[in-house]
Amino acid sequence: MKTLQAILGVCLAITISSTAAQPPSETGGEALPLFRKAAEKLLSLKTISYQYVRELDYAAEAILSTMTGRMYMDFAKEDDLAGFRYQFSHADGFAIFNNTAIVDVNTGSKTIATENRVTSVALNSRSELFNSIVTLRNLLPLIIADSGIVKSTADTVIGTAAETGAGQSSMT
């Protein structure tokens with residue numbers, strides 16, 4: 001678990017910007033080994049369970065929305081429709097994707113909604129998958145391979161950011 005926290009802590013602090021293609025030395029040479037190590041670890045996972053928190057704060061529109069819950073993901077069947085199955089439990093109920101259907105249970109209203117014969121496109125609108133482990137797991141190899149994306153890592157301390165080159169990061 002400590003390794004995963006280190007991976008996520010580093011990966012979520014990644015600065016990515018689109019620019020014209022640049023030589024590899026200028027597109028994240030020092031960051032690439034860390035990106036590769038994180039991608040390898042994420043791709044090696046068969047199952048994972050974690051606490052999910054997503055906060056949307058649009059102060060200009062006076063909108064603050066927080067979603068929290070417990071996520072369990074199973075990557076054991078890579079040839080599945082989406083390459084994973086999941087269960088997401090939250091205060092109002094839970095959601096399950098079992099490779100063929102999405103089941104949403106709302107314990108407050110005592111309702112069950114089922115979407116059968118799901119395509120992978122149906123998963124695109126699932127809030128619990130936004131900025132999740134599966135997103136990072138799927139996108140990190142694409143980011144690594146794209147020389148048009150500038151890659152860097154930073155250690156963040158409240159109020160300051162120090163480039164990784166100034167200090168060493170380690171993952172166990």
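Along the sequence shown, residues carry numbers from 1.
Looking at every heavy atom in both residues, S152 comes nearest to A31 through CA-CB, 3.9 Å. Nearest heavy atoms, L43 versus P141: CD1-CG, 4.1 Å. Smallest separation of non-hydrogen atoms from L129 and M71: CD2-CE, 4.2 Å.
Looking at residues two or more places apart in sequence or on another chain, you find no side chain to side chain donor-acceptor pair (under 3.5 Å) involving N138. Partners of T66 by side-chain contact (heavy atoms from CB on, under 4.5 Å), not counting sequence neighbours, listed by chain and number: V53, E55, T68. Legend: residues meeting side-chain contact (heavy atoms from CB on, under 4.5 Å) with L142, ordered by chain and number and at least two apart, are L139.
Hydrophobic clustering (side-chain heavy atoms under 4.5 Å, transitive across Ile, Leu, Val, Met, Phe, Trp, Tyr) keeps I96 apart from M73. Placement of I102 and M67 within a single hydrophobic cluster is found when ILVMFWY residues are connected by side-chain heavy-atom separations under 4.5 Å, directly or transitively. Residues L140 and L32 share a hydrophobic cluster, clusters being chains of Ile/Leu/Val/Met/Phe/Trp/Tyr side chains in contact below 4.5 Å. Hydrophobic clustering (side-chain heavy atoms under 4.5 Å, transitive across Ile, Leu, Val, Met, Phe, Trp, Tyr) groups L45 together with F84. At a threshold of 4.5 Å between side-chain heavy atoms, the hydrophobic network of Ile, Leu, Val, Met, Phe, Trp and Tyr places V103 and Y86 in two separate groups.
If you take CG on N99 and CG on D74, they are separated by 10.0 Å, rounding to the nearest 0.5 Å. Taken from CZ in R85 to OH in Y72, the straight-line distance is 10.5 Å, to the nearest 0.5 Å. We find the CG-OG distance between L56 and S127 to be 8.5 Å, quoted to the nearest 0.5 Å. A distance of 7.0 Å separates CZ of F75 from CD1 of I48, quoted to the nearest 0.5 Å.
Among residues at least two apart or in separate chains, salt bridge (Lys or Arg N to Asp or Glu O under 4.0 Å) pairs with a member in residues 90-105 are D104-R126. Sorted by first and then second residue, the pairs that involve residues 90-130 and meet ring-ring contact (aromatic ring centres under 6.0 Å, His included), not counting sequence neighbours, are F88-H90.
In terms of modelled atom types and a separation under 3.5 Å, the side chain of S49 and the main chain of R70 share no donor-acceptor contact. In terms of modelled atom types and a separation under 3.5 Å, the side chain of K151 and the main chain of I149 share a donor-acceptor contact.
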Using residues 110-124 as the side-chain source, report each donor-acceptor pair under 3.5 Å to any protein atom, sequence neighbours left out, with the distance given to one decimal.
unit_1: T111; atom_1: OG1; unit_2: S109; atom_2: OG; d: 2.9

